[in-house]
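Predicted model only: the values in this text are computed from it and were never measured. Values below: all heavy atoms of this structure, side chains included; hydrogens, waters and symmetry mates excluded.
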Amino acid sequence: MAHASIEEFVCRYFSLQQTALIDNLLYEDKEMDMYNGLYNLHVHKVELSTGAFTGTHNQLMDKKATILEQLQHRRNAALQKDIERLECDRGKERTVYEWYAVPYWIARYMIDNYEVVLSWKDCYWWGRCIIGKSLTFDAAIQQLYSIVLKTHS
């Protein structure tokens with residue numbers, strides 16, 4: 001893989017688009033079991049005393065932990081209000097336009113980089129939230145590709 005082009009990389013790991021299948025499975029999931037395996041689906045936008053916060057649920061929890069740590073050292077009404085705002089925000093669901101079957105290591109990378117991923121029954125799908133660009137120009141794939149190149153150089 002060290003000398004594979006980004007086109008070859010995309011063809012190897014992102015060629016199995018399964019949008020119709022995943023959309024149908026999610027639609028038919030009446031007990032919402034599959035939704036427990038969705039990562040980074042919601043984006044939160046909260047106005048805090050230090051400025052606007054935008055991020056996924058995991059990023060929101062990290063921000064909350066940071067503020068709680070600050071509150072342990074000093075009492076601050078503005079920070080306490082920030083905690084309340086973070087706890088009350090429901091977030092906005094991101095629109096997934098395409099689903100791609102991916103191996104675990106790519107799913108893990110995508111989750112860690114705040115991309116939407118569905119994990120269900122030891123299978124993984126990356127949810128692409130943008131359209132109109134070739135996969136080779138997708139920022140998440142370009143970053144992953146550069147990491148793979150560095151690792152195998």
Side-chain angles (χ1 to χ4, degrees), residues 6 9-10 13-14 17-151:
I6 192 165
F9 178 77
V10 166
Y13 292 110
F14 297 91
Q17 190 200 103
Q18 297 186 333
T19 305
L21 170 68
I22 299 306
D23 285 347
N24 204 19
L25 286 171
L26 289 169
Y27 177 77
E28 294 295 326
D29 184 23
K30 302 301 181 208
E31 281 141 37
M32 309 274 293
D33 290 333
M34 290 183 77
Y35 280 88
N36 293 329
L38 273 168
Y39 295 87
N40 303 322
L41 184 62
H42 291 90
V43 173
H44 300 269
K45 293 183 181 190
V46 183
E47 195 60 44
L48 302 175
S49 62
T50 56
F53 165 81
T54 302
T56 64
H57 179 72
N58 287 344
Q59 290 171 310
L60 182 139
M61 296 308 287
D62 290 343
K63 184 70 169 176
K64 182 179 168 187
T66 301
I67 294 171
L68 285 171
E69 188 175 305
Q70 292 173 350
L71 279 171
Q72 285 180 349
H73 300 296
R74 62 184 162 91
R75 212 63 177 132
N76 183 311
L79 291 178
Q80 189 60 47
K81 192 74 172 163
D82 287 347
I83 291 291
E84 291 171 20
R85 287 185 182 123
L86 290 171
E87 288 176 343
C88 292
D89 191 74
R90 297 285 174 229
K92 182 179 184 228
E93 191 170 304
R94 295 161 81 179
T95 301
V96 175
Y97 297 103
E98 299 171 332
W99 289 101
Y100 290 88
V102 294
Y104 173 78
W105 67 273
I106 289 178
R108 185 76 256 159
Y109 170 84
M110 294 297 192
I111 290 168
D112 292 344
N113 287 277
Y114 310 111
E115 294 288 321
V116 176
V117 171
L118 172 62
S119 169
W120 185 63
K121 296 191 179 203
D122 293 328
C123 296
Y124 305 92
W125 294 269
W126 169 54
R128 189 170 186 222
C129 296
I130 60 169
I131 55 173
K133 284 197 233 188
S134 164
L135 283 172
T136 57
F137 296 111
D138 193 290
I141 291 176
Q142 287 184 342
Q143 290 168 356
L144 175 61
Y145 176 70
S146 69
I147 290 168
V148 169
L149 276 183
K150 287 177 190 171
T151 304

Hey, does the side chain of [X] reach the backbone of [Y] with a donor-acceptor pair shorter than 3.5 angstrom?
| X | Y | result |
| --- | --- | --- |
| Gln59 | Thr56 | yes |
| Asp89 | Val46 | no |
| Asp82 | Leu48 | no |
| Asn113 | Glu115 | no |
| Glu98 | Gly127 | no |
| Tyr97 | Ile131 | no |

Report yes if the side chains of [X] and [Y] come closer than 4.5 Å at any heavy-atom pair, otherwise no.
| X | Y | value |
| --- | --- | --- |
| Ile111 | Tyr124 | no |
| Arg75 | Gln80 | yes |
| Lys64 | Glu87 | yes |
| Tyr35 | Leu26 | yes |
| Tyr104 | Asp122 | no |
| Thr54 | Val43 | yes |
| Ile141 | Phe9 | yes |
| Leu41 | Val96 | yes |

Would Leu25 and Met34 satisfy side chain to side chain contact (heavy atoms under 4.5 Å, CB included), going step by step from the backbone distance to the final call?
CA-CA 8 Å; Leu25 286 171; Met34 290 183 77; 3.7 Å; yes
Any idea which heavy atoms bring [X] and [Y] closest together, and the distance?
| X | Y | result |
| --- | --- | --- |
| Ile22 | Leu118 | CG2-CD2, 3.8 Å |
| Gln18 | Ala101 | OE1-CB, 3.8 Å |
| Cys129 | Val116 | SG-CG2, 3.7 Å |
| Ile147 | Thr151 | O-OG1, 2.8 Å |
| Tyr114 | Arg94 | O-NH1, 2.9 Å |

[atom1]/[X] to [atom2]/[Y] distance, rounded to the nearest 0.5 angstrom?
| X | Y | atom1 | atom2 | result |
| --- | --- | --- | --- | --- |
| Asp29 | Asn24 | CG | CG | 11.5 Å |
| Lys121 | Asp33 | NZ | CG | 9.0 Å |
| Thr19 | Arg128 | OG1 | CZ | 10.0 Å |
| Leu79 | His73 | CG | NE2 | 11.5 Å |
| Ile83 | Leu68 | CD1 | CG | 3.5 Å |
| His57 | Asp62 | NE2 | CG | 10.0 Å |

Does atom [atom1] of [X] have more than 12 heavy-atom neighbours from other groups under 6.0 Å away?
| X | atom1 | result |
| --- | --- | --- |
| Phe14 | CZ | yes |
| Glu28 | CD | yes |
| Glu69 | CD | no |

Under the side chain to side chain contact (heavy atoms under 4.5 Å, CB included) criterion, do Leu21 and Trp99 qualify, and how do the steps go?
CA-CA 9 Å; Leu21 170 68; Trp99 289 101; over 6 Å; no
Below 30° counts as parallel, above 60° as perpendicular, anything between as tilted: where do the rings of Trp105 and Tyr13 land?
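Rings of Trp105 and Tyr13: perpendicular, over 60°.
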Going by the rule salt bridge (Lys or Arg N to Asp or Glu O under 4.0 Å), which residues pair with Asp112 if we only count those two or more places apart in sequence or in a different chain?
Arg108
Is it the case that the ring center of Trp126 lies less than 6.0 angstrom away from the ring center of Tyr109?
no
Under the side chain to side chain contact (heavy atoms under 4.5 Å, CB included) rule, what do Leu86 and Lys63 come out as? Steps first, then yes or no, please.
CA-CA 9 Å; Leu86 290 171; Lys63 184 70 169 176; 4.1 Å; yes
For Tyr27, is the NZ or CZ atom of Lys30 found under 6.0 angstrom from the centre of its six-membered ring and inside 45 degrees of the ring axis?
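Checked: cation-pi criterion met.
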